[in-house]
Number of protein chains: 2
Amino acid sequence: MSNIHDVAKLANVSSMTVSRVINGKGYVKEQTRRKVVEAMKQLNYVPNGLARSLVRKKTHTLALIVPDIRNPFFTTVARGTEDMALKQDYRVVLCNSDENVKKEKHYVEMCLSIRVDGAIVVPASDASKQNIKLLTDFGIPFVLIDREIDGVKADIVRGDSIMGARQLVQHLIDAGHQHIAIITGNLSTSTSRDRLLGYQQVLAEAGLGFRPDYVKESSYSSALDPALIDELLACSPRPTAIFTANNFVAVQTIHFLRQRGLSVPEDCAIVTFDDYDPLSLPEPFLTAATQPAYNFGSLATQMLLEVIDGVPVPSPRKMILQPEVIIRKSSVTHTR
Amino acid sequence: MSNIHDVAKLANVSSMTVSRVINGKGYVKEQTRRKVVEAMKQLNYVPNGLARSLVRKKTHTLALIVPDIRNPFFTTVARGTEDMALKQDYRVVLCNSDENVKKEKHYVEMCLSIRVDGAIVVPASDASKQNIKLLTDFGIPFVLIDREIDGVKADIVRGDSIMGARQLVQHLIDAGHQHIAIITGNLSTSTSRDRLLGYQQVLAEAGLGFRPDYVKESSYSSALDPALIDELLACSPRPTAIFTANNFVAVQTIHFLRQRGLSVPEDCAIVTFDDYDPLSLPEPFLTAATQPAYNFGSLATQMLLEVIDGVPVPSPRKMILQPEVIIRKSSVTHTR
DNA sequence: GTGAAAGCGCTAACAT
DNA sequence: ATGTTAGCGCTTTCAC
């Protein structure tokens, strides 16, 4: 692989002139320029990005750290990020934390090592605080997506989990449900806490009272423990509806309910946060509070690039996008 | 951000000694080592990966180029790749070609510029040949996944599309279907051609004869044109079953059929290649030839790293994994 | 318009 | 066991 000196030699100029041609700045006589371009072609020259980044102190690389790339929600976030980044000539290194703060730390350290220009992070949990601090300490600009971190002031793009939860639970109450359970995600994430909060608020407002045994904590990404379902079913009275933390939990909940001979929505209605991805269902079934995942990604990237480019903006900036509740069969018993 | 010289100065040693400590090779007196480690901590020192890669001519970075990160199949491939790469201390830059050879080229050029150590590619189409040639020209090791390219000899991990197609179509014939249509992916991909081939083979063997008007070409990732469905329905006799190119096409086909008042499988059975991702369906519906996507990713990465490490292996190596056909409701009319 | 020198932060190779 | 020198491939700065 040839380098800038090879090109310079072949074109009978200095490497500085070649550099000017590559970057299109500084004065170069048209004739010289052509000689150089010709030499570059002949040698199949591709500038070495490493060397360039080293001297310029700019890598044109962003990191996107998400908890689970298999979740369609984050995949869509990734597309939003990638499209926006590409548009502004940045590349994105995709990192998968597995909802694991330690793995997340590994990736943050990688970010430092390869000198990314900025990071977009969906924090694994509140304990991600230490990882965020690393970014701060090293002066790497970042934007959070989806989840706030307790005690961290940072730019963020997220949904309104309280509001989404309120609407979903209100919908159940309107449909006549009085015994509504909830399966939350890991409560060390802000979205889980907010969804629980919205649930509690609406129950209280409806005078339905809060039953701790109707609340089960699970996780957004890992396997749902069927024992939780059994515990809920053993409650008296048995819940007639469940609000699940996200698409993933919903699917598994339905699965376990059916396994136990219960049908949805007749025996138990289900509402959830986050839709399936559009590709997945021939016939959408789940009542869901859907979020504009693609926009989460593209907006966060836009915000990040503004910070990187030194655009003067107030800090921290919080963009809170409203979910849209879509009523489907999983929560509607009677045909209208 | 401090550099190796700062550390050296603080520890009262040369930067070479610091380098030895960082890399844990060469002799360093324990006492010196401790001084250096102390200095590194104090300065929050993180070695500059760019400089290191530049001199070592090794980036410990792989590129994974896939046609669509939103397709669960490729997402799972990505996880397999990432997990295996991480295990061997490589990072993965994820690139999305959008089934678009031009965008793919952009990413290949990026690979050259950032000097990735190797690439894993699901080629967008046969026209990806030129992009593959770029990699070859610059001596960048690569492994293909899923799709062969006409006239390119390269390491590859892929499924057996012919066999999968054969089994799916045979299943339909066994169920009594005589009029079986097919909606293929873009025929400039080898998998599409192979699936069509398997379809034709089995029809011929069953003496059913091949009807060109039963064959429609679509695409794996982009929107299905409903006109294709109308054309199929207008055939005489009307097909009683359709073999679709992949999960994506299947879902859209079912959607359009239902829109036209036909039910699946009663009015028209559906079989397809590639399953949904496990997260997506509370109640799996589609009869599918499923492929071990995670293994595609991890095996390909393993092969690639062997090449990079100069392990002597025969070349090209082809790993062809068998699909598993799972019969579900979309193709079974009668309860047994 | 073009070039020479210096240096980005690191390590390989050769001292000592 | 540690240091010195040179150079990876590029750009910044200043000179001509």
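Protein chains get the first letters and strands the later ones, always in sequence-line order, with residue 1 at the start of each.
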* Less than 4.0 Å between a side-chain N and a carboxylate O, is that true for A:D98 and B:R79? -> yes
* Under-4.0 Å side-chain N/O to phosphate OP1/OP2 contact, B:Y45 with C:dC10 -> yes
* Length of the NE2-C1' vector between A:H5 and D:dG9, whole Å -> 6 Å
* Check whether the side chain of B:R20 and the base of D:dG3 form a donor-acceptor pair under 3.5 Å. => yes
* **B:V7 and B:V21, any side-chain heavy atoms less than 4.5 Å apart** => no
* Asked: Roughly how many Å is it from NZ in B:K25 to C1' in D:dA1, rounded to a whole number?
  -> 17 Å
* Rounding to a whole Å, what distance do you find between B:H60:NE2 and C:dT11:P? -> 12 Å
* Compare side-chain N and O positions of B:T32 against OP1 and OP2 of D:dT2 and report whether any pair is under 4.0 Å apart. => yes
* Asked: Looking at B:N23, does any N or O in its side chain come under 4.0 Å of the phosphate oxygens OP1/OP2 on C:dT11?
  -> yes
* Asked: Between C:dT16 atom C1' and B:Y27 atom OH, what is the distance in whole Å?
  -> 17 Å
* Asked: Salt bridge check: are A:R91 and A:E82 linked by an N-O gap of less than 4.0 Å?
  -> no
* Asked: Closer than 4.0 Å, any side-chain N/O of B:N48 to the OP1 or OP2 of C:dG9?
  -> no
* What is the distance, rounded to the nearest whole Å, between atom CD1 of A:I22 and atom C1' of D:dT11? -> 10 Å
* **d(CZ, A:R56; P, D:dC8) in whole Å** => 20 Å
* State whether B:S19 places a side-chain N or O below 4.0 Å from either non-bridging phosphate oxygen (OP1 or OP2) of C:dC10. => no
* **Check: A:D155 side chain, A:R317 main-chain N or O, donor-acceptor pair, under 3.5 Å** => yes
* Asked: Phosphate oxygens OP1/OP2 of C:dG9: is one of them under 4.0 Å from a side-chain N or O of A:K57?
  -> yes
* **Side chain to side chain, B:L86 and A:H106, heavy atoms closer than 4.5 Å** => yes
* Rounded interatomic separation in angstrom, taking CE from A:M16 and P from D:dG9 -> 17 Å
* Please determine, for the side chain of B:N3, which listed nucleotide (D:dT11, D:dA1, C:dG9) has the closest atom? => C:dG9
* Structure fact -> When B:S15 and B:L54 are each assigned the nearest nucleotide of DNA chain D, the 5'-most assignment goes to B:S15
* Asked: With respect to the phosphate group of C:dT2, does any side-chain polar atom (N or O) of A:T17 fall under 4.0 Å of OP1 or OP2?
  -> no
* Asked: Over how many whole Å does the gap from A:R52 atom CZ to D:dT12 atom C1' extend?
  -> 14 Å
* To do: Could you work out which one of C:dG9, D:dT4, D:dA1 sits closest to the side chain of B:I4?
  => C:dG9
